[in-house]
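Below: one structure, written as structure tokens.
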Protein chains: 2
Amino acid sequence: MTRKEKDITTEEKIKGAARKVFTQKGYAATRTRDIAEEAGINLALLNYYFRSKEKLFELVMAEKVGELFGMLVPVVVDHSTTLKTKMEKIAATYIDTLEKNPGLPLFVLSEIHRRPEWLSQRVPIADIFKKSSFMQQVREKRPDIDPMHFFMNALGLCVFPFISSPVFIGAGVINRNDFKKLLQERKSLIPVWMNAMLKA
Amino acid sequence: MTRKEKDITTEEKIKGAARKVFTQKGYAATRTRDIAEEAGINLALLNYYFRSKEKLFELVMAEKVGELFGMLVPVVVDHSTTLKTKMEKIAATYIDTLEKNPGLPLFVLSEIHRRPEWLSQRVPIADIFKKSSFMQQVREKRPDIDPMHFFMNALGLCVFPFISSPVFIGAGVINRNDFKKLLQERKSLIPVWMNAMLKA
DNA sequence: GTCTATAGTAAGATAGAC
DNA sequence: GTCTATCTTACTATAGAC
């Protein structure tokens, strides 16, 4: 047994397995047995540590929502950066992070879709975005258009490829390698496109 | 009993219920009992008509994939229209159709994510898109950039709002009415943005 | 803390009456 | 064709030994 394996507590092994299985299959399709097997432990231990499937899911979900939106906050509220810089940071951060965890957006979006109240009950984040420096700067440039459009566009341009890749790849419209190349290109293209949309 | 109700066969009632429940909750979270109840019939009848949950799902899934991508084909292959016209048609068609069926994209994308081989086994549509008039016209305008980028952007700008609306609305970043207003605005904005991106 | 064994329940599917 | 009742399986969760 390597040092690394020995240091991971059973609790962390289960959480790690849960992260993997839940994000891959979603809550409903996940069986606690899958998680136990993935963690290399017995099913009873899962309930010993986390009481129930629901409680374990809750933990993972909160973490994943944080991963997906947490990275956004420091960038959009920063008053010291230009809109262009913000766009560059958003594109680079999202694409690099999601490339390591491509299933993240679809998981979060799907689970929130099935539990619309989940977010409102715990993440009071609306004002942070609405009053953010990003929104102000967009409003200054385009007082004639709802800034939410551009916020959505920025996120969509970054995130949509990851959500739709199974379709494009599955349909044979693109292959895995070309897709990876596209992603890298988008890191520099998205800021340029966003700038063009703001001027259009 | 109204005329309309009387004319709907039991088979159609079940299929209709299945469409509703499957797209709302996804395959795994759907119980055949939910569908039977929604259809106002007995559980046994579902198996009498469709043999199994899987077979019924298969039917709905094929239909929904058709709904989501079928509308795209006639537009992108049409050699008689300009790129600008194509963009206008894509935006208008998608937003109008999806407004009546907002859960469609997330359903299709999620289910394909969980069954990556599903598409490749039955929808041999790759060449239609790759050789489409849309792709050619984009290549002419921007031979320096992979046209797939713009195809993805067009779809993403139309579809992403529907996928992400539960998040935006759930987090309180936007309310339902403003969201509906945004959607209408996007029908004319998206073609403008796409044009701007192509020039950038 | 970790296991085996099992209770309890929910879900998909079918048998058989009408 | 449509129903009620039931079979069978698979899942979550717990009891209890070690």
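No hydrogens, no waters, no symmetry mates; every other heavy atom, side chains included, goes into these values. Just so it is clear: chains get the letters A, B, ... in the order the sequence lines come, proteins before strands, and each one is counted from 1.
Protein atom CD of E37(B) is 13 Å distant from nucleotide atom P of dC3(D), rounded to whole Å. In this structure, CD1 of I35(B) is placed 14 Å from C1' of dA13(C), rounded to the nearest angstrom. Atom P of nucleotide dT4(D) and atom OH of Y48(B) are separated by 17 Å, given to the nearest angstrom. For the pair I14(A) CD1 and dG1(C) P, the interatomic distance rounds to 11 Å; values are reported in whole Å. The nearest whole Å value for the distance from the CD atom in E54(A) to the P atom in dC11(D) is 18 Å. We find that CZ of F50(A) is positioned 18 Å from C1' of dT14(D), with the value rounded to whole Å. In this structure, L43(A) atom CG and dT2(C) atom P are separated by 14 Å, rounded to whole Å. The NZ atom of K53(A) sits 14 Å away from the P atom of dA10(C) (whole-angstrom rounding).
The side chain of R33(B) lies closest to dG12(C) when the candidates are dA13(D), dA15(C), dG12(C). The side chain of L45(B) sits closest to dG1(D) out of dC3(C), dG1(D), dG12(C).
By the 4.5 Å heavy-atom criterion applied to side chains, K130(A) and F151(A) are not counted as neighbours. Side-chain contact between E99(B) and Q184(B): present, with at least one pair of heavy atoms (C-beta onward) separated by less than 4.5 Å. K187(A) places a side-chain heavy atom less than 4.5 Å from the side chain of D96(A).
Between N42(B) and the phosphate of dC3(D), there is no side-chain N or O to OP1/OP2 separation shorter than 4.0 Å. A sub-4.0 Å separation between OP1 or OP2 of dC11(D) and a side-chain N or O of T32(A) is absent.
Between the side chains of T81(A) and K86(A), at least one donor-acceptor pair of N or O atoms lies under 3.5 Å.
No engagement by L46(A) is indicated, since no non-hydrogen atom pair under 4.0 Å with the nucleic acid exists. As judged by a 4.0 angstrom heavy-atom cut-off over every strand, Y49(B) is placed among residues touching the sugar-phosphate backbone only.
Enclosure of atom CZ in R115(B) by more than 12 non-hydrogen atoms of other residues, nucleotides or ligands within 6.0 angstrom is indicated.
Within 3.5 Å, no donor on the side chain of R31(B) pairs with an acceptor on the base of dG12(C), nor the reverse.
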